[in-house]
Amino acid sequence: MSEYLLEARNLKKHFMLDNDTVSRLAGKTRTLKAVDGIDFAVRRGETLGLVGESGCGKSTTARLITRLVEPSAGEVLFKGENLLEFKRAKMQQTRKSIQLVFQDPYSSLNPRKTIMQILSRPLEVHKLAANWVEKRRRVLELLNLVGLGEEHADRYPHEFSGGQRQRIAIARALAVDPELIIGDEPVSALDVSIQAQVLNLFRELQEKLSLTYIFIAHDLSVIRHISDRVAVMYVGKIVETGNVADIFDKPQHPYTKALLDAVPDADPMVEPPKLTLKGEVATPIDPPPGCRLCNRCPIATDHCSQVMPELVETSKDHFVACHNL
Ligand code: ADP
């Protein structure tokens, strides 16, 4: 059995833009390279944090893994099998094992259904409860798992706080006994104090249920708190990946360094962030060859603008895509 539950290999999603104003004026189809050949692997029972600024391709990556969006190229191995080749029935079965939890629990919970109805639905769809009594027992068990109780079962989503609604969304993901949960910014809509509680819940559940996580966030403190390993994305590429301590204490890629430097210190008296990158984030639309960071990078050479660097292992389990290290 492979130590990896999920592996992405040279995964790509290119959106063809042919009907927007710029493309029409230019009279040609432009290509938006949202995810442009990424490789990563997630070991059973660990949390891979996927971090990067808005628009770098994190959500698209989550959607590619679950085939909510069909990849343009590459492979997604789940337990060693390429799920991009699965036929409908097998994919449906696999979707049970890979659940998504989204940022906004309010829009993902039907306001006209009670929590009982919301949590019963996946049990019905996947025929996981033989009768009403079993269904109710399972729903109460799920509520308990996420720190809610029987008294919540017959209420509606609007009667809950943001943190509680996210607990309900997590319970719904757990209903089908998944092995992998992909959290797409699952705490970023919550107050900071509530964020910590929900992150702790994710950790407790991971221990209790032997879950594997891919956790997407733009907030570095969230990533640091929850991850075992981290992959840093920039404009459709993974630029650095390694253990959480290596990424935070010994970052090597200029982009990772800048990202960490830009985190404001909790103490306002300390010196302001050292923003080492100047200029704008490169566009993912018809990007030039070479490293996506080269227009902003303090150590870039001509070579960087011509040749895309590959991820290279610089120390054990620590991979960096940079020509100049
Ligand atoms: P992130 O989650 O890191 O904020 P996304 O994966 O949502 O980034 O988006 C990556 C890039 O892909 C962005 O430039 C976004 O505008 C673009 N994009 C996402 N979905 C589509 C789509 N359906 N059609 C065209 N472009 C898209």
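Positions are given from 1 along the sequence. Just follow the structure's listing: the first ligand is 1, and inside any ligand the first atom is 1. Only this structure's heavy atoms are used, side chains among them; waters, hydrogens and symmetry mates stay out.
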### Whether F202 and F215 hold their rings parallel, tilted or perpendicular, with breakpoints at 30° and 60°
perpendicular
Result block: side-chain N/O donor-acceptor pairs under 3.5 angstrom for residues 318-325, not counting sequence neighbours:
| unit_1 | atom_1 | unit_2 | atom_2 | d |
| --- | --- | --- | --- | --- |
| H318 | NE2 | E240 | OE2 | 2.6 |
| H323 | NE2 | V307 | O | 2.7 |
| N324 | ND2 | I299 | O | 2.7 |

### Task
Select all protein residues for which some heavy-atom-to-ligand 1 distance is less than 4.0 Å, and list them by chain and number.
F15, L32, A34, E53, S54, G55, C56, G57, K58, S59, T60, P284
#### Entry: Counterpart residues, salt bridge (Lys or Arg N to Asp or Glu O under 4.0 Å), relative to K28 (two or more places apart)
none
### Query
Could you give all pairs that pass the side-chain hydrogen bond (donor to acceptor under 3.5 Å, both in side chains) test and reach residues 83-96, with sequence neighbours left out?
E81-K90
### Query
Should Q117 and E124 count as side-chain neighbours, where that means a heavy-atom distance under 4.5 Å?
no
### Query
Which word best sums up how the rings of Y255 and H253 line up, parallel for under 30°, tilted for 30 to 60°, or perpendicular for over 60°?
perpendicular
